[in-house]
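Throughout, a chain's letter reflects where its sequence line sits, starting with A, and its residues are numbered from 1.
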Amino acid sequence: MEKYNPQEIEKKWQEVWNAPDYYKTTEDSTRPKYYALEMFPYPSGNLHMGHVRNYSIGDVVARYRMMAGYNVLHPMGFDAFGMPAENAAIAHGVKPGDWTFANIKNMTAQQKAMGLAYDWDREVETCREDYYRWTQWLFELFYKRGLAYKKEASVNWCDTCGTVLANEQVIDGKCWRCDSEVHKKNLAQWFFKITDYADELLADLDKLTGWPSRVKIMQENWIGRSEGLEIYLDAPELGEKISVYTTRPDTAFGITFLALAPEHPLVEKICAISDKADEIKKFCEHARSQSDIERTSSESEKEGIFTGVYCINPFNGNKVQIWVTNYVVFEYGTGAVMGVPSGDQRDWMFAKKYGLDIILTLQPKDKELKLEEMDAAYVEHEGVMVNSGKFTGMDFNTGFQAIMDYAEQQGFGKRKVNYRLRDWLISRQRYWGAPIPVIYCDKCGEVLVPEKDLPVLLPDDVEFKQGALSPLSTSKKFNECTCPKCGGHAHRETDTMDTFICSSWYYMRYTDPHNEAKPFDRDKVNYWSPVDQYIGGIEHAILHLLYSRFFTKVLRDAGLLDYDEPFANLLTQGMVIKDGAKMSKSLGNVVSPEEIINKYGADTARLFILFAAPVERDLDWSDKGVQGSYRFLNRVWRILEIFDDAIKAGNDTYDAQILTAEEISLRRTLHKTIKKVTEDVRDRFAFNTAISSLMELVNAMHTFQDKKINPNLARELAKNLLLMLAPFVPHISAELWSKFFMGDVHKQNFPTFDAAAIVEEEIEIVIQINGKVRDHVKVPVGLSKADLEKFALTLPRFDEFTSGKKVIKIIAVPNKLINIVVK
RNA sequence: GCGGACGUGGCGGAAUUGGCAGACGCGCCGGACUUAGGAUCCGUUGCCUUCGGGCGUGAGGGUUCGACCCCCUCCGUCCGCACCA
């Protein structure tokens, strides 16, 4: 047999797998379905190790399920709209589409060089007309359902990207993509009403038993549900009632000031009657010029200005100063906050800074608080109410409810649920995205592009000027149009959609990718969905995963599909790091997948990446470790070469009774390995331990390298080893299989273990004295607790172990140990 | 500040239900083969040791016959959220 030559055999098998029908998938009611999915990539041009890890994991899952008898959907595609294509256009004058498709071509070649089992016929590219046509169609569906609206708002603006961003896409005050500072701008923008689904998005997290709790907690925090009371405070000078929202209605008697956000509409009204109008306006300008970070970081200084206007606390009739402050967030609650310095640390600090009154409303039970001695607010949710009129004396829980009841009875308050989640800002002032299919008519106003006219195509006569508003507005043929309703003069919306919209439904399109009449067929999407195993990075814990859940629920309500959640199980893989840091060009620690594959082959790359760490954890890249994986594949090759004659001489059915003791033991190792690998792959995604047990098996086979081996056993070993290796290292498995066996290794059934082969007659148990291991003895398997206790007394070294001491008791655990407790 | 995860040999990691800590791999050391070895094969490898054993899973305490695993306190690393009223 020739030497293991990965370059040669990998090319050979990839050609087989790339045949158009090889991995073609169709619905099949006779087998259970399994939808395995890796997050589709942005076509940056080259695969990086993170992709290799992602696809290696997904491929093991998919190939294992295929061999285990499932009808597996395993597709791949590209999240192909996005900024880098546009930047390439600005920098090098290439067309975004040309740049994108060239990158896709390159990356597809690299994916194929990994030997991945994809149904390429289902490939989806979100920048293609036959895809974004349906993205636009879905936008219209949202619009018709009242879930898409345009409004002027203070929004996040990234100068570098020249566009607005959704809240989810601002990380620590910085742009998620380019890391530059984001600031606020007032613009009329399109939003998706994700807040309508806040409650369900939160509640259904409980259904996601196959998701890491980490991700669910992050989404829970992001949605940020809270229950409280809205209170209306009369402001006689303004002739208005001011609404505030609080989660601490029990402290309402302690209100000593009211804080408005600078953006609050009442501020203007106040300025109209206040003699401090100039100062107030100046303060508001100052606050608005601050970044979100400056305004909302818990470290930054709280600032405010008294307006000179008052309102009335409806609970006790107290006159309350109205302030404008920089720390109240306009978008949350009512944009106005009641100030209770005794019960809220921020209010405490604010009151201390500006010398405002403080009224204590809650006393802890164990010690008495005195205002003069306090240096912080009392924020605990327990104690007895004080200074609270008829509520004085009630304990926290009773008073909390009683105050809300009272406010509702009196009509100056209402129980309210609030969310931190904001609506999803989906317009982008960029070119390379799906145009928002809306027309503005001089007479009819906002009009949807009729379905028959979709897609609204991207024009090619645009100018890319960084920083300029919407490149689409520079296109002559795009901008001007006629109104679909009245035929009059109109112009088009020139913003495009957030690319996260494209990626919110691609996994549905995979189930019916060529449909020209609708985004996907309902029966097909229902057959395949939900995704049984979704695999990707933790960076999408909120973003893509929250948006996709939202989309699924909207499309369900619209009757397009019949399930609640898109991804039944989620696996968040760790990063690939080197020298203690994430691989990055600037650190110069990047290892190119192409290089590794050229040098050692895809099988080695896949094996190493699956073996080196558990999938959820970060993986330390090690060149030496890669060599170790390469060495292992050579060992597999070599041992089958050594067994060559035996394997070919053996039969598939034989009587295992005739084996020697050593052979029986080797066969036992084989079947234990089958059990272990099956459980590790199927139940735990513990590919590292699955591979380590395969290594143990190969090591055990090597003990026969100089010995005669029963040909039937050699055959059984080779067959099952290759079947188990097939999902991990498909090329070498296919090659070796073809040398010894008929058919296609990947179309065989994954092996099942022979329970009889695993049974051992004797087992070694541990003898402990006071919990310390002192000896090992062999006993028959299954010896009962009672028999084991009796057996303990007959141990040859029993007297030695217990001499001079008193035996207190004997603990026996069948098949495990005997522990003799002495004193 | 709040929430979460993690902490095991020189390194990556294993120990799935409270029952032999360190599987497997890397590295190191030794041996075989060899003109040669950076190929391959075999073996050793937690620390200490008077060779009986002692110690050992971030630190300290607890529960238990028995704890990497459960409980308490603390330290460290990483991640998420962070004036959301």
Side-chain angles (χ1 to χ4, degrees), chain A residues 171-172 212-222 224-226 228-229 244-248 251 259 293 295-302 325-340 343-347 349-350 418-422 538-539 541-542 607-608 611-614 616-629 631-632 634-635 638 676 679-680 683-684 686 688-699 702-703 705-706 764-776 808-813 815-822:
Chain A
I171 315 288
D172 289 332
S213 54
R214 185 153 82 115
V215 175
K216 288 190 279 186
I217 289 166
M218 283 164 74
Q219 292 212 354
E220 195 181 317
N221 290 339
W222 188 260
R225 184 181 196 273
S226 73
L229 181 71
V244 297
Y245 171 74
T246 180
T247 54
R248 291 297 303 273
T251 65
I293 286 282
R295 272 180 65 177
T296 63
S297 154
S298 48
E299 271 103 73
S300 54
E301 185 81 10
K302 288 150 194 53
T325 67
N326 65 342
Y327 71 90
V328 174
V329 178
F330 177 61
E331 289 82 10
Y332 182 77
T334 62
V337 171
M338 64 184 209
V340 184
D344 183 288
Q345 188 55 26
R346 293 156 297 180
D347 297 346
M349 280 155 65
F350 193 76
N418 252 313
Y419 298 93
R420 215 188 72 104
L421 181 71
R422 310 286 151 78
I538 188 80
E539 66 272 17
I542 310 264
L607 187 70
F608 168 72
F611 174 64
E616 301 246 11
R617 244 192 276 179
D618 285 351
L619 182 153
D620 233 2
W621 186 265
S622 154
D623 293 330
K624 292 283 187 190
V626 177
Q627 286 172 30
S629 294
R631 204 159 10 207
F632 171 70
N634 275 291
R635 269 168 78 76
R638 212 174 301 116
K676 168 84 175 151
E679 289 168 357
D680 279 356
D683 307 333
R684 303 203 307 148
N688 56 332
T689 52
I691 292 166
S692 83
S693 61
L694 287 166
M695 287 173 169
E696 286 180 83
L697 174 62
V698 171
N699 288 346
H702 269 268
T703 62
Q705 62 183 318
D706 301 320
E764 194 176 77
I765 64 160
V766 169
I767 308 299
Q768 296 182 337
I769 304 298
N770 290 343
K772 289 192 191 294
V773 180
R774 282 292 174 275
D775 206 356
H776 299 256
I808 308 285
K809 61 172 153 177
I810 294 171
I811 315 262
V813 182
N815 298 337
K816 295 269 185 196
L817 57 77
I818 293 168
N819 187 11
I820 303 165
V821 185
V822 298

Closer than 3.5 angstrom, by distance alone: can the side chain of A:Asn418 be matched with the main-chain N or O of A:Ser226 as a donor-acceptor pair? no
Would you indicate what A:Thr246 reaches in the nucleic acid, counting non-hydrogen atoms under 4.0 angstrom: base, sugar-phosphate, or nothing? sugar-phosphate
For B:A85, take OP1 and OP2 only and decide whether either is under 4.0 Å from a side-chain N or O of A:Gln345. no
Could you check if a side-chain atom of A:Ile769 sits within less than 4.5 angstrom of a side-chain atom of A:Ile820, using non-hydrogen atoms only? yes
Which is true for A:Asp618 with a 4.0 Å heavy-atom rule: it touches a base, it touches only sugar-phosphate, or it touches nothing? sugar-phosphate
A:Ala336 vs A:Thr689, nearer the 5' end of RNA chain B by closest nucleotide: A:Thr689
Carefully, step by step, assess A:Leu694 and A:Phe611 under the rule side-chain contact (heavy atoms from CB on, under 4.5 Å). CA-CA 11 Å; A:Leu694 287 166; A:Phe611 174 64; over 6 Å; no
With syn defined as a glycosidic angle within 90° of 0 and anti as the rest, where does B:G9 land? syn
Nucleotide paired to B:A39 in any strand shown, Watson-Crick or G-U, under 3.5 Å: none
For the pair made of CG in A:Asp344 and C1' in B:C84, what is the distance, rounded to whole Å? 11 Å
Expressed as a whole number of angstroms, how long is the span from A:Glu764:CD to B:G19:C1'? 15 Å
So for A:Asn221 and B:C81, does any side-chain atom that can act as donor or acceptor lie under 3.5 Å from a complementary atom in the base? no
Touch class at under 4.0 angstrom, heavy-atom based, for A:Val337 against every strand present: base
Decide whether A:Arg635 and A:Asn699 meet the rule of one side-chain donor and one side-chain acceptor closer than 3.5 Å. yes
In the structure shown, which nucleotide is the Watson-Crick or G-U wobble counterpart of B:C70, with both distances under 3.5 Å? B:G62
Tell me whether the OP1 or OP2 atom of B:C84 has a side-chain N or O from A:Tyr245 closer than 4.0 Å. no
Contact class for A:Gly628 vs. all strands (heavy atom < 4.0 Å): base, sugar-phosphate, or nothing? sugar-phosphate
Taking only the side-chain nitrogens and oxygens of A:Arg635, find out if one of them lies under 4.0 Å from OP1 or OP2 of B:A39. no
Ignoring backbone atoms, establish whether A:Arg638 has a side-chain N or O less than 4.0 Å from OP1 or OP2 of B:C41. yes
A:Val244 and A:Thr334: which non-hydrogen atoms are nearest, and at how many Å? CA-OG1, 3.4 Å
Gap between atoms NZ and P, on A:Lys816 and B:A15 respectively (whole Å): 14 Å
Mind checking if A:Asn699 touches a base, just sugar-phosphate, or nothing, with heavy atoms under 4.0 Å? sugar-phosphate
Pairing partner (Watson-Crick or G-U wobble, both distances under 3.5 angstrom) of B:U77: B:A5
Is the number of heavy atoms from other residues, nucleotides or ligands under 6.0 Å of A:Arg214 CZ greater than 12? no
For A:Arg774 and B:C20, is the shortest distance between a side-chain N/O and OP1 or OP2 below 4.0 Å? no
Establish, with yes or no, whether the OP1 or OP2 oxygen of B:C81 is under 4.0 angstrom from a side-chain nitrogen or oxygen of A:Arg420. no
Please state whether the phosphate of B:A15, meaning OP1 or OP2, lies under 4.0 angstrom from any side-chain nitrogen or oxygen of A:Arg684. yes
In whole angstrom, give the distance that lies between atom CZ of A:Arg214 and atom P of B:C78. 14 Å
With a 3.5 Å distance limit and no angle check, can you tell me whether A:Asn770 reaches the backbone of A:Val822 through a side-chain donor-acceptor pair? yes
Watson-Crick or G-U wobble partner of B:G12, both distances under 3.5 Å: B:C24
Tell me the interatomic distance from A:Asp683, atom CG, to B:U16, atom C1', rounded to whole angstroms. 10 Å
Closest non-hydrogen atoms of A:Thr246 and A:Met338, given as atom of the first, atom of the second and distance, are OG1-CE, 3.3 Å
Would you tell me if any nitrogen or oxygen in the side chain of A:Lys216 comes within less than 4.0 Å of OP1 or OP2 on B:G4? no
Categorize A:Val328 for me: base, sugar-phosphate, or nothing, with a 4.0 angstrom heavy-atom threshold over every strand shown. base
Phosphate-side-chain proximity, A:Arg346 and B:C84, N/O vs OP1/OP2 below 4.0 Å: yes
Hey, does A:Gln768 reach any base, or is it just sugar-phosphate, or nothing, if we go heavy atoms under 4.0 Å? base
How far, in whole Å, is B:C71 from B:G19 if one measures between their P atoms? 15 Å
Distance check, C1' atoms only: B:G13 and B:C68, in whole angstrom units. 14 Å
Sugar-phosphate only, base, or nothing, as touched by A:Ser226 at under 4.0 Å among non-hydrogen atoms: sugar-phosphate
Looking at every strand, decide which applies to A:Val773 at a 4.0 Å heavy-atom threshold: base, sugar-phosphate, or nothing. sugar-phosphate
Between A:Asn688 and B:A14, is there a contact of a side-chain N or O with OP1 or OP2 at under 4.0 Å? yes
Would you classify B:G52 as syn or anti? Syn applies when the glycosidic angle is within 90° of 0. syn
In whole Å, what is the span from the CG atom of A:Asp775 to the P atom of B:G19? 21 Å
Counting only distance, no hydrogens or angles, is the base of B:C84 paired donor-acceptor with the side chain of A:Arg422 under 3.5 Å? yes
Could you state the CG-P distance from A:Asn634 to B:C41, rounded to the nearest angstrom? 9 Å
Distance-only donor-acceptor test (3.5 Å): side chain A:Lys809, base B:C65: no
